[in-house]
A.B. asks: 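To start, I am sharing the structure in question, which I have written as structure tokens.
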Amino acid sequence: MRRFISFIACAFVLMSFTPKGKSDVELRVNSMLKKMTLEEKVGQMAQITLDVIAAGGDRYSSAEPLQVDKAKLRHAVVKYHVGSVLNTTNNRARDIATWNRTIGDIQEVATKETRLKIPIIYGIDAIHGATYSLGATMFPQQIGLAATWNPALARKMGEIAAYETRACSIPWNFSPVLDLGADPRFSRQFEGFGEDPYLGSVLGVQLVKGYEGDSRNIAGSHQVASCIKHFLGYAVPISGKDRTPAYIPDNVLREYHLPAFKAAIDAGATTIMINSGIINGVPVHANPLIITNLLKKELGFKGLVVTDWGDIENLYRRDRVAGSVKEAVKMAVNAGIDMSMIAYQYEEFCDALVELVKSGEVKQSRVDDAVRKILRLKLELGLFEKPVSDSHSYPLYGSEEFGKVAYASALESITLLKNSNGILPLTKGAKILVAGPNANSMRSLNGGWSYSWQGEKTDEYTERFNTFYEAISRSNGDENTRFVPGVSYDKDIKYYKSHKDKFDEVLAAARWSDVVVLCLGENSYTEKPGDLQDMHIDDLQVELATEVAKSGKPVILVLNEGRPRVISRIESLTNGVIQTYLPSNYGGDALAAIIFGDENPSGKLPYTYPSAPNSLVPYYHKPSEEQKKMVGAYDYEGDYNPQYEFGFGLSYTTFSYSNMKVTKVTMGANEEFTVSVDVTNTGKRAGKEVVQLYSSDLVASITPDVKRLRRFEKIELKPNETKTVVFSLSTRDLAFVDMHNRWIVEPGQFELRVGNLSQLVIVK
Ligand code: BGC
């Protein structure tokens, strides 16, 4: 890591090629704006996908190998003044040299053949490492990063992803996802930090800082601009399916969905992407109350606002709130959009917006405001001075050093959920059957947004990494380890002509083994293709688990999934359960290290693991979800009863909590206080523990959540070691959003809880 730090130091020296300061940037923006024609300004607001200007094919696909088509490029960038490009072609990852050559060709035309020589800004979804860059370091998906509860790892992932993205001449990353993952059905839950607003805020800020540097040093050759997304309330549509309507009351939007965005904006996040969905009947791209009033005016966001893919067109073609594309453009730009991720039909967008400004339906000042932000961003990124990176200036690209950080992240994410009679760790040399559709797949380890949008090409590029089976076999010896997949995924049953035959094979192998490591979960997906009809884990996998259990051998269930698929039909058949989320390329090695006890697990669930498809409330539900607990009430069936609780995760050691102290017991509505607690490692091996502080408002004018996470800290303890953890907070941290949409702290009693300890405080 030291070498990496010295590279970061070098970046400061290299900054000499970048604009001199804020006022210099503003002067240059103003002088450029004065020279620009309306058409040039509108073009800056247009973003197209790379296929549109690549050689061969049509707008939607291109020839291989990737080449820019100069005529198409000139039509877009010189004639239409298009200011931004995104994505890859043919949905394929590219090596660093191809990226630099391709973006070099585009910048050559933009900076030499256009009147004002404005470079384009290239954007990509490097959401768990540089997704579309071959040989780059892939980290666990954000949901796994959340399970580490380790802000330092989020920071490091951001730094490394920024370094490797910038190495490819791409200075803009559509990440992090700060959507509240409160609905486990949603296909993009894995892209976010889970269900808790506070955990998401803490980790989101660190990821943004990793991308942008501490003081928003985005001109640095190792930094990129972040793009926090998808503002606001994207991940909770009523149907659980992508881009379908959500109904979210304002107080809920503010209390749960907004905090992570607000924290990232306060930390300096440079750009933001709008929610592609519909809230309370209004597509967010057409909602000035959210984009202009809330985001720009109330939160004071000064950066660039970009649409999601094709979402202006969607106002007309999908949502029918506009009668034409032109009307859609008018609605979105007037609502506060600065750049349109048009993707394909850029002439349509540009022509429409020029006409709208000429007719006065969109004010010139609105366009100037948008273009000012785009030019400012390009200047701040240093693109005028250095539009293309040199491949050889990035010696750490895909290095072992970076790989170690990705491995550490995978390791700290893995969450031990069940360990009956201490079956884990296993002894090396035991006869192990590794079974299940996720046992030998790099694709399922990585999930969506890996080498391609849906992640289906992953196995082509990941030969040098170990699947679960390969990593277990390496540690345990090939002769002691067998692999039988047994079944594939339900959607793809044709994988085996007669999957029944494989059940026989699995059962025979299970009988041979001392223990079965059963790797179940999901194949890769994202967005709409990942929509789900049934929360239960696939039927074939349930059958497989049932069959394997007939052997009478202990079963360790290893989960590898983007969202918590219900496992209650098979959980009782298992002796151990390990959640790996989507740990990416080092997930196999990390799992093996944990299974054999070379490492001690320390991940904690960043969401509630549901036990039934109709019981999907998060941990911060209302008391009426727990009526069973009420004195004198009926013993209701179907009470809140998740498979595993938010924040839960076992270790191979044990921890005890004692000596909880709160500095003040009675406080005013705006007072600082601290909570301290001693944590002791009472087991026999070193381990990491996530100390979590929760509060419960006992009585409130809006029925209070049963509890809320307020602070956490991950600490490491040797056997018998005790550490005192001190949390500083204020009574403002106990506030909620009332029915008038204001944050308030109501007087009354609050219970504070750490581990099994609790204390009451009174706010006057
Ligand atoms: C996704 C965004 C992504 C964009 C560009 C959209 O479909 O919703 O999250 O940034 O595509 O790839």
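The structure presented is a predicted model; accordingly, all values stated were derived computationally and were not measured. Atom set for the values below is all heavy atoms of this structure, side chains included, hydrogens, waters and symmetry mates excluded. Order of listing sets the numbers, starting from 1, for every ligand and every atom in it.
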A.B. asks: Can you confirm if the aromatic rings of Phe301 and Phe231 lie within a centre distance of less than 6.0 Å?
C.D. replies: no

A.B. asks: I'd like to know if the side chain of Ser450 and the backbone of Asn446 have a donor-acceptor N/O pair within less than 3.5 Å.
C.D. replies: yes

A.B. asks: Assert yes or no for the condition that the ring centre distance of Tyr344 to Trp309 is strictly below 6.0 Å.
C.D. replies: yes

A.B. asks: For Tyr394 and Tyr163: C-alpha separation, side-chain torsions, deciding distance, then whether ring-ring contact (aromatic ring centres under 6.0 Å, His included) applies.
C.D. replies: CA-CA 8 Å; Tyr394 294 85; Tyr163 178 104; 5.2 Å; yes

A.B. asks: Name all pairs fulfilling the side chain to side chain donor-acceptor pair (under 3.5 Å) condition that reach into residues 283-296, sequence neighbours left out, sorted by first residue then second.
C.D. replies: Lys296-Asp338

A.B. asks: Strictly under 4.0 angstrom, heavy-atom based: which residues surround ligand 1?
C.D. replies: Leu86, Asp125, Phe174, Arg188, Lys229, His230, Arg243, Met273, Asp308, Trp309, Met341, Trp449, Glu527

A.B. asks: Could you check Asn100, Thr102, Thr89 and say which one makes a side-chain hydrogen bond (donor to acceptor under 3.5 Å, both in side chains) with Arg94?
C.D. replies: Thr89

